[in-house]
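What you are looking at is a predicted structure, and each value in this text was computed from that prediction instead of being measured. This chain uses plain numbering: 1 for the first residue, then up along the sequence.
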Amino acid sequence: MIYIRPGNLFKDFIVETNVQEIDSKGRVVIKHTGDGKNFLSGCLADATDQDRANHNIPDHIVTHTIVQKGYPIAKRTDKLILENRVFYVVDIDDSGALGIATLYYVEERRDLR
């Protein structure tokens, strides 16, 4: 028997790629760009304590995991958008590199829109 909550189904996340540019003062500026056509379909869940311990990096704490069928579409430092929520990709686990499933370890960000 499988227990599925109504809100825990596969959803479409818009993928915005991380681009580094140099501004007029010579400083590096990080922007996320996308046209809204690149997306991945995944299932969102809260991160476990073990996920946080194994995948946190300085300044970014893993808050959620996203499971996607197939090969990775997003990469580290990309931004994923789901309705009015924004997620920053902290780490990726391409399970066995077989293209069966991809795990994204993400941080929910309230300062990025």
Side-chain angles (χ1 to χ4, degrees):
M1 177 184 249
I2 298 175
Y3 175 71
I4 298 177
R5 293 178 297 182
N8 201 20
L9 300 174
F10 281 84
K11 300 178 188 240
D12 291 334
F13 294 82
I14 298 171
V15 179
E16 291 191 354
T17 307
N18 180 355
V19 178
Q20 295 182 358
E21 299 176 351
I22 298 177
D23 68 1
S24 60
K25 297 179 182 176
R27 291 181 275 194
V28 176
V29 178
I30 297 173
K31 295 182 180 180
H32 290 92
T33 60
D35 56 6
K37 296 180 182 177
N38 189 16
F39 66 93
L40 65 88
S41 182
C43 186
L44 179 68
D46 287 335
T48 64
D49 291 335
Q50 185 177 4
D51 293 337
R52 288 184 186 92
N54 294 335
H55 299 282
N56 282 348
I57 59 173
D59 299 331
H60 296 287
I61 298 170
V62 173
T63 59
H64 294 81
T65 58
I66 299 171
V67 179
Q68 170 212 317
K69 294 180 187 176
Y71 290 102
I73 294 173
K75 58 184 186 289
R76 285 185 182 109
T77 70
D78 282 355
K79 183 169 74 169
L80 305 177
I81 302 170
L82 174 66
E83 299 163 1
N84 60 347
R85 298 172 75 181
V86 177
F87 300 94
Y88 179 83
V89 180
V90 177
D91 199 9
I92 299 173
D93 183 8
D94 182 11
S95 304
L98 297 173
I100 296 170
T102 302
L103 289 167
Y104 296 97
Y105 299 95
V106 297
E107 174 187 22
E108 185 170 11
R109 300 289 300 263
R110 300 192 190 281
D111 59 337
L112 299 176
R113 296 285 173 204

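- If you take CG on Asp49 and CG on Asn54, they are separated by 11.0 Å, rounding to the nearest 0.5 Å.
- There is a path of hydrophobic side-chain contacts, each under 4.5 Å, that joins Ile73 to Leu82.
- By the 30° and 60° cut-offs, the orientation of the rings of Tyr88 relative to His60 is parallel.
- Atom CG of Asp94 and atom CD1 of Ile100 lie 9.5 Å apart (nearest 0.5 Å).
- Closest of all the heavy-atom pairs between Ile92 and Lys75 is CD1-CA, 3.3 Å.
- The two atoms that bring Pro72 and Thr102 nearest to each other are N-OG1, 3.3 Å, heavy atoms only.
- With rounding to the nearest 0.5 Å, the separation of CG in Leu80 from CD in Glu16 is 9.5 Å.
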Notebook entry, point to check: Between Asp51 and Leu103, does a side chain to side chain contact (heavy atoms under 4.5 Å, CB included) hold up when you go through it step by step?
Noted result: CA-CA 11 Å; Asp51 293 337; Leu103 289 167; over 6 Å; no
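- A 6.0 Å sphere centred on CD1 of Ile61 holds no more than 12 heavy atoms belonging to other residues, nucleotides or ligands.
- Heavy atoms only, all atoms of each residue included: Val90 and His55 are closest at CG1-O, 3.4 Å.
- Closest heavy-atom contact between Thr65 and Asp46: OG1-O, 4.2 Å.
- Taking the six-membered ring where the residue is Trp, Phe87 and His64 present perpendicular rings, their angle passing 60° and hence far from 30°.
- In terms of heavy atoms, Val89 sits closest to Tyr104 at CG1-CD2, 4.2 Å.
- Looking at every heavy atom in both residues, Thr63 comes nearest to Glu108 through OG1-N, 2.9 Å.
- Atom-to-atom distance recorded for Leu40:CG and Lys69:NZ is 13.0 Å, nearest 0.5 angstrom.
- Looking at Gln68, its side chain does come within 3.5 Å of a backbone N or O of Tyr71 through a donor-acceptor pair.
- Atom CG of Asp59 has 12 or fewer heavy atoms from other residues, nucleotides or ligands within 6.0 Å.
- Side chains of Leu44 and Lys11 form no contact here, defined as non-hydrogen atoms less than 4.5 Å apart.
- The CD1 atom of Ile66 lies 11.0 Å from the CZ atom of Phe10; values are rounded to the nearest 0.5 Å.
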